[in-house]
Amino acid sequence: MAGISGRHFLTLQDYTAEEITAILDLAAALKLKQQQKIPHQLLAGKTLGMIFEKPSTRTRVSFEVGMWQLGGYALFLSSQELQIGRGEPIKDTAAVLSRYVDGIMIRTFAHSNVEELARYATVPVINGLTDLYHPCQALADLLTIKEKKGMLQGLKVAYLGDGNNVAHSLMLGCSKLGLHITVAAPQGFWPREEVRSKTEQNALLSGGSLTVTSDPLAAVKGADVLYTDVWASMGQEQEKAERKKIFAPYQLNREKLSLAEPEAIVMHCLPAYRGEEISADVLEGIQSVVLDQAENRMHAQKALLAMLMG
Ligand code: CP
Ligand code: NVA
C-alpha cells in the first residue's frame with residue numbers, strides 16, 4: 001500500500017479500506033506507547049494550524065495535545081481573529097498559511113470551504129467537521145468499536161436521530177470496513193442521497209450494508225453498536241424546539257437498549273443533551289463507551305497527523 005503522506009483528509013470516501021485500517025492500526029500502537037510513556041515524536045519540529053469557525057472542546061484539545069505528544073506544535077486560530085473573518089479569501093489564507101505550517105485543520109460550515117482550502121493549500125488539510133462530514137470522529141468511532149468488540153467486519157451498527165455530518169461519516173466508515181449500518185431518522189431528516197449512494201457502493205465492495213428507516217425500534221433490534229448525536233447541530237440552533245418534537249421517538253433510552261444485543265455498546269460523539277437524544281441513565285450506564293470514544297479522538301488523530309504530515 002502506498003503511504004498517505006501529503007494527502008488531504010476531507011472525507012473517508014477518499015481513503016481505501018486498507019488505508020483506513022492502517023490509520024487505525026497506527027492509532028492503537030500510538031495509544032499503547034502513550035500509555036507506556038514511550039516517546040513517539042514522529043512530528044518533531046512540525047506545526048499544525050487549526051482554524052475554528054464553530055466552537056469545540058474535543059477537537060481542539062485532542063489535536064492540540066496530540067501534536068504536542070508527537071513533538072510538534074499546534075496553533076489555535078479562531079476565525080473571528082483571523083483576517084478570514086474580515087473577508088480575506090479562503091484561497092489566500094490557504095496559500096499564506098502553507099508558508100508557515102506543515103498541516104491545516106479546519107472546522108467550518110459549508111464543506112465547500114474545506115474543499116477550497118485544500119485546493120489552494122500546499123500542505124495537508126484535515127476536516128475537523130463541516131455541515132456535511134466529521135471524518136475524524138468516524139476514525140475514533142471505528143477505533144473504539146474495534147477495541148471494544150475485537151473486530152469490525154459484519155457488526156451491526158444502529159444510528160438513531162438526525163442524518164447529519166456525524167451520521168454521514170459513520171456511514172462511510174462503516175461501509176468501507178464491512179459493517180452493517182442502519183440509520184433511523186424521521187422522514188425529511190434522512191442522510192443525504194449522495195452519501196447514501198456512496199455508502200451503498202462501498203458496502204457492495206466490503207460486504208457491509210446500509211438500511212435507512214423511520215422505525216427506531218426495528219433499527220436497534222439485535223444491534224452490536226447503538227449510536228446517537230444531537231438533534232440540532234451547530235448552526236441549527238433556531239430549529240432546536242421544533243426538532244425536539246420531531247425527534248422525540250428516536251431518543252436512545254433503556255427501552256431501545258433492551259432490544260439490542262445484550263453486550264451492545266452505546267456511543268455518542270458528544271456533546272450530549274441528556275433527556276433529548278439520549279437518556280441520562282444510558283449515557284452514563286455500563287454499556288456506554290462515550291469517554292473512550294472521546295479519548296480515541298486523540299489517538300486516531302495522532303496516527304492521521306503522523307501519516308499525513310510525517
Ligand atoms: N465530537 C466533537 O467533535 O466534539 P467537539 O465539538 O467538542 O470538538
Ligand atoms: N452534529 C454535531 C456534532 C458535534 C460534534 C454538530 O455538527 O454540531
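Counting starts at 1 for both ligands and their atoms, following the listed order.
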Would you say R7's side chain and D14's backbone share a donor-acceptor pair under 3.5 angstrom?
-> yes

Distance from atom 7 (O) of ligand 2 to nearest protein heavy atom, with residue and atom | N165 ND2, 2.8 Å

Find out whether the Lys NZ or Arg CZ of K240 is both under 6.0 angstrom from the six-membered ring centre of Y273 and within 45° of the ring's axis.
-> yes

In terms of its nearest heavy atom to atom 6 (O) of ligand 1, the top option of H268, Q137, R107 is R107

Check each heavy atom of L270 against ligand 1 and say whether those closer than 4.0 Å belong to the side chain, the backbone, both or neither.
-> backbone

Given the options T47, V101, L48, M309 meets side-chain contact (heavy atoms from CB on, under 4.5 Å) only with L48

Answer with yes or no whether the side chains of H180 and S209 bring together a donor and an acceptor at under 3.5 Å.
-> yes

Protein heavy atom at shortest distance from atom 4 (O) of ligand 1 = R58 NE, 2.8 Å

Hey, quick one: are V157 and V220 part of the same hydrophobic cluster, counting side-chain heavy atoms closer than 4.5 Å, chains of contacts allowed?
-> no

Under 4.0 Å from any heavy atom of T57, which atoms of ligand 1 are there?
-> 5 (P), 7 (O), 8 (O)

Could you tell me which atoms of ligand 2, counted from 1 in the order shown, lie closer than 4.0 angstrom to a heavy atom of L270?
-> 5 (C)

Check the angle between the aromatic planes of Y133 and H168 and answer parallel, tilted or perpendicular using the 30° and 60° thresholds.
-> perpendicular

Relative to ligand 1, is R297 under 4.0 angstrom through side chain, backbone, both or neither, heavy atoms considered?
-> side chain

Enclosure of Q238 CD (heavy-atom neighbours >12, cutoff 6.0 Å) = yes

Could you check N253 against S279 for side chain to side chain donor-acceptor pair (under 3.5 Å), going step by step and ending with a plain yes or no?
-> CA-CA 5 Å; N253 52 28; S279 61; 5.9 Å; no

N or O pair under 3.5 Å between H134 and ligand 1 = yes

Is the CZ atom of F76 crowded by more than 12 outside heavy atoms at less than 6.0 Å?
-> yes

protein heavy-atom neighbour closest to atom 3 (C) of ligand 2 works out as D229 OD2, 3.7 Å

Ligand 2 versus V230: contacting region, heavy-atom distance under 4.0 Å = side chain

Kindly confirm or rule out an N or O of S233 lying under 3.5 angstrom from an N or O of ligand 2.
-> yes

What do you reckon, does C269 have a nitrogen or oxygen under 3.5 Å from a nitrogen or oxygen of ligand 1?
-> yes

List the closest protein heavy-atom neighbour of atom 8 (O) of ligand 2: residue, atom name, distance to the nearest 0.1 Å.
-> M234 N, 2.8 Å

Under 4.0 Å, heavy atoms only, figure out whether ligand 2 is touched by the backbone of L129, its side chain, both or neither.
-> side chain

